[in-house]
Amino acid sequence: MRVLVVGASGFLGGEVARRAHLAGHRVVGTYLRRPGTSSAASWVRLDVRERSRVRELVAAERPQVVVNAAYRQSEWSATADGAAHVAAGAAEHGAHLVHVSSDAVFSGRADHYDEDALPDPITPYGAAKAAAETAVRALHPQAALVRTSLIVGQGASVHERRVHALASGEQDGVLFTDDVRCPVHVSDLARALLELAQQERGGMFHVVGEDAVSRHELGVLIARRDGLDPDALPAGLRARTGPPGALRVYLDCAATRGVLGTELRGARRFLA
């Protein structure tokens, strides 16, 4: 396949590009500030906020699949408007779209959220991701929308870097014991995205690990794997100190597991 990975210079996008290349696909990867260092992709600069530029790139590359892993957590125009521009470009040129969303679209008020759950965000980022979902569904009804959670890898994720900084004393702060998510390994997530791309499946999917753990427990698991002292990780309560946001968000992915061959391991397993 010809695969366009939007946001390929990022943590998840880079893994998607690498795995697509290993599978024999021709990969074009986009970046905003600087290209990635991997030879798995041909690199092209793209600002998803520029609708005409997105349209021109999709028209020039004619990908069969577009995977959109781009976002900027603090910027509505990149996260919401950018997703709409990518969806419109993919739909116009007949490319299947796999769009990456987030569990941030939920408030945490429900016990669990399955694939049919409606967004009820309580943060600006969650609202932007929810708006992106709405835009993608409207502009590209056959697209696959994939909600995920905290993404962890082999030391390169923001969560792993924070654990190392806290354990060494290079950074102040705490890891919350009341903030619970279902972390996923970046390799499992990338494989699932490419599986959905190859099958050209559409609809809503939840791709997360099977274990619901607090950010502090996740930090302890990372520390033990990396030979750090878990007791050096400060603990705290998000409900008491903030920042504002959902506490326990459990994504139920039973329906998604029913159509995926990719195994979605839990954090207690992939960090063992």
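These figures come from a predicted structure and were not determined experimentally.
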Only counting residues at least two apart or in another chain, list the ones meeting side-chain hydrogen bond (donor to acceptor under 3.5 Å, both in side chains) with Arg72. Glu75
At their closest point, which heavy atom of Phe270 faces which heavy atom of His185, and how far apart are they? CE2-N, 3.5 Å
For a quick test of reading the model, state the closest non-hydrogen atom pair linking Arg162 to Asp172 and the distance between them. NH1-O, 4.1 Å
Taking Glu195 for its side chain and Thr262 for its backbone only, find out whether a donor-acceptor pair lies under 3.5 Å. yes
Quick one: are Arg51 and Val54 in side-chain contact, heavy atoms under 4.5 Å? no
Would you say the side-chain atoms of Lys129 pair up with the backbone N or O of Gln73, donor to acceptor, closer than 3.5 Å? no
Mark yes or no for whether Asp114, through its side chain, and Ala117, through its backbone, hold a donor-acceptor pair below 3.5 Å. yes
Evaluate the side-chain contact (heavy atoms from CB on, under 4.5 Å) criterion for residues Asn68 and Val136: first the C-alpha distance (whole Å), next the side-chain angles of each, then the deciding distance (0.1 Å), finally the verdict. CA-CA 11 Å; Asn68 184 13; Val136 170; over 6 Å; no
Check step by step if salt bridge (charged side-chain N to carboxylate O under 4.0 Å, His left out) holds for Arg161 and Glu170. CA-CA 11 Å; Arg161 295 198 303 270; Glu170 294 176 10; over 6 Å; no
Whether the side chain of Arg265 engages the backbone of Gly209 through a donor-acceptor N/O pair (distance < 3.5 Å, no angle test) should be reported. no
Taking the side chain from Thr256 and the backbone from Phe205, do they hold a donor-acceptor pair closer than 3.5 Å? no
Interatomic distance, CE@Met204 vs OG@Ser101, rounded to 0.5 Å, equals 6.5 Å
State the CG-OG1 distance between Leu247 and Thr177, to the nearest 0.5 angstrom. 10.0 Å
Single-linkage hydrophobic cluster Leu196~Val65, side-chain heavy atoms < 4.5 angstrom: yes
Glu200 side, atom CD; Leu97 side, atom CG - distance, nearest 0.5 Å: 11.5 Å
Side-chain heavy atoms under 4.5 angstrom apart, residues restricted to Ile, Leu, Val, Met, Phe, Trp, Tyr: same cluster for Leu145 and Leu193? no
So how far is it from Arg215 CZ to His159 NE2, rounded to the nearest 0.5 Å? 6.0 Å
Minimal non-hydrogen separation, Ala232 against Ala167, with atom names: CB-O, 3.8 Å
Please identify each residue that fulfils side-chain contact (heavy atoms from CB on, under 4.5 Å) with His21, with sequence neighbours left out. Val27, Ala40
Any donor-acceptor pair under 3.5 Å from Trp43 side chain to Arg34 backbone: no
Side-chain contact, heavy-atom cut-off 4.5 Å: Asp103 with Arg147? no
Would you say that Leu46 contacts Tyr31 through its side chain, given a criterion of any heavy-atom pair below 4.5 Å between the two side chains? no
Quick check: closest heavy atoms across Ala130 and Pro119, and the distance to 0.1 Å? CB-CB, 3.9 Å
Is there side-chain contact between Ile122 and Arg109, with at least one heavy-atom pair below 4.5 Å? yes
So Leu237 and Phe176, side-chain contact (heavy atoms from CB on, under 4.5 Å) or not? Walk me through it. CA-CA 5 Å; Leu237 293 174; Phe176 298 124; 5.6 Å; no
Distance (rounded to the nearest 0.5 Å) between Thr79 OG1 and Arg49 CZ: 10.0 Å
Verify same cluster id: Leu32, Val158 (apolar side-chain graph, 4.5 Å): no
Without placing hydrogens or testing angles, list every side-chain donor-acceptor pair under 3.5 Å for residues 82-95, not counting sequence neighbours.
residue, atom, partner, partner atom, Å
His85, ND1, Val48, O, 2.7
His85, ND1, Asp81, O, 3.4
Glu92, OE1, Arg55, NE, 3.0
Glu92, OE2, Arg55, NE, 3.0
Glu92, OE2, Arg55, NH2, 2.8
His93, ND1, Arg62, NH1, 3.3

Taking His96 for its side chain and Gln64 for its backbone only, find out whether a donor-acceptor pair lies under 3.5 Å. no
Side chains of Leu260 and Val207: does their closest heavy-atom pair fall under 4.5 Å? yes
Report whether Leu166 and Val152 are members of the same hydrophobic cluster (ILVMFWY, side-chain heavy atoms less than 4.5 Å apart, transitive linking). yes
Which pair of non-hydrogen atoms, one from Arg248 and one from Asp111, has the smallest distance, and what is that distance? NH1-O, 2.9 Å
Is Leu150 reachable from Tyr71 through a run of hydrophobic residues whose side-chain heavy atoms are each under 4.5 Å from the next? no
Quick one: list whatever passes side-chain contact (heavy atoms from CB on, under 4.5 Å) with Gln198, sequence neighbours left out. Met1, His25
Return the set of residues passing side-chain contact (heavy atoms from CB on, under 4.5 Å) with Gln142 (not counting sequence neighbours), or none when no residue passes. His140
Would you call Glu15 and Arg19 a salt bridge, taking side-chain N to carboxylate O under 4.0 Å as the test? yes
Test: salt bridge (Lys or Arg N to Asp or Glu O under 4.0 Å). Region: residues 229-239. Which pairs qualify, not counting sequence neighbours? Asp179-Arg238
Are side-chain heavy atoms of Asp47 and Arg53 found at a separation under 4.5 Å? no
Test log, rule side-chain hydrogen bond (donor to acceptor under 3.5 Å, both in side chains), inputs Glu160 and Ser157: CA-CA 5 Å; Glu160 291 159 289; Ser157 72; 2.5 Å; yes
Rounded to the nearest 0.5 Å, how far does CG of Leu57 lie from CZ of Arg45? 12.0 Å
Leu218/Leu175 under side-chain contact (heavy atoms from CB on, under 4.5 Å): CA gap, chis, key distance, verdict: CA-CA 9 Å; Leu218 179 63; Leu175 295 175; over 6 Å; no
So does Leu228 get a backbone contact from the side chain of Asp226, meaning a donor-acceptor N/O pair under 3.5 Å? no
Compare every heavy atom of Glu210 with every heavy atom of Arg269, then report the nearest pair and how far apart it is. NH1-OE2, 4.3 Å
Anything under 30° is parallel, anything over 60° is perpendicular, the rest tilted; go ahead and classify His112 against Tyr250. perpendicular
Is there a side-chain contact between Pro63 and Val58 in this structure, where contact means two heavy atoms from C-beta onward sitting under 4.5 Å apart? yes
For Arg2 and Leu4, run side-chain contact (heavy atoms from CB on, under 4.5 Å): C-alpha distance rounded to whole Å, both residues' side-chain angles, the deciding distance at 0.1 Å, then the answer. CA-CA 7 Å; Arg2 295 187 303 279; Leu4 173 63; over 6 Å; no
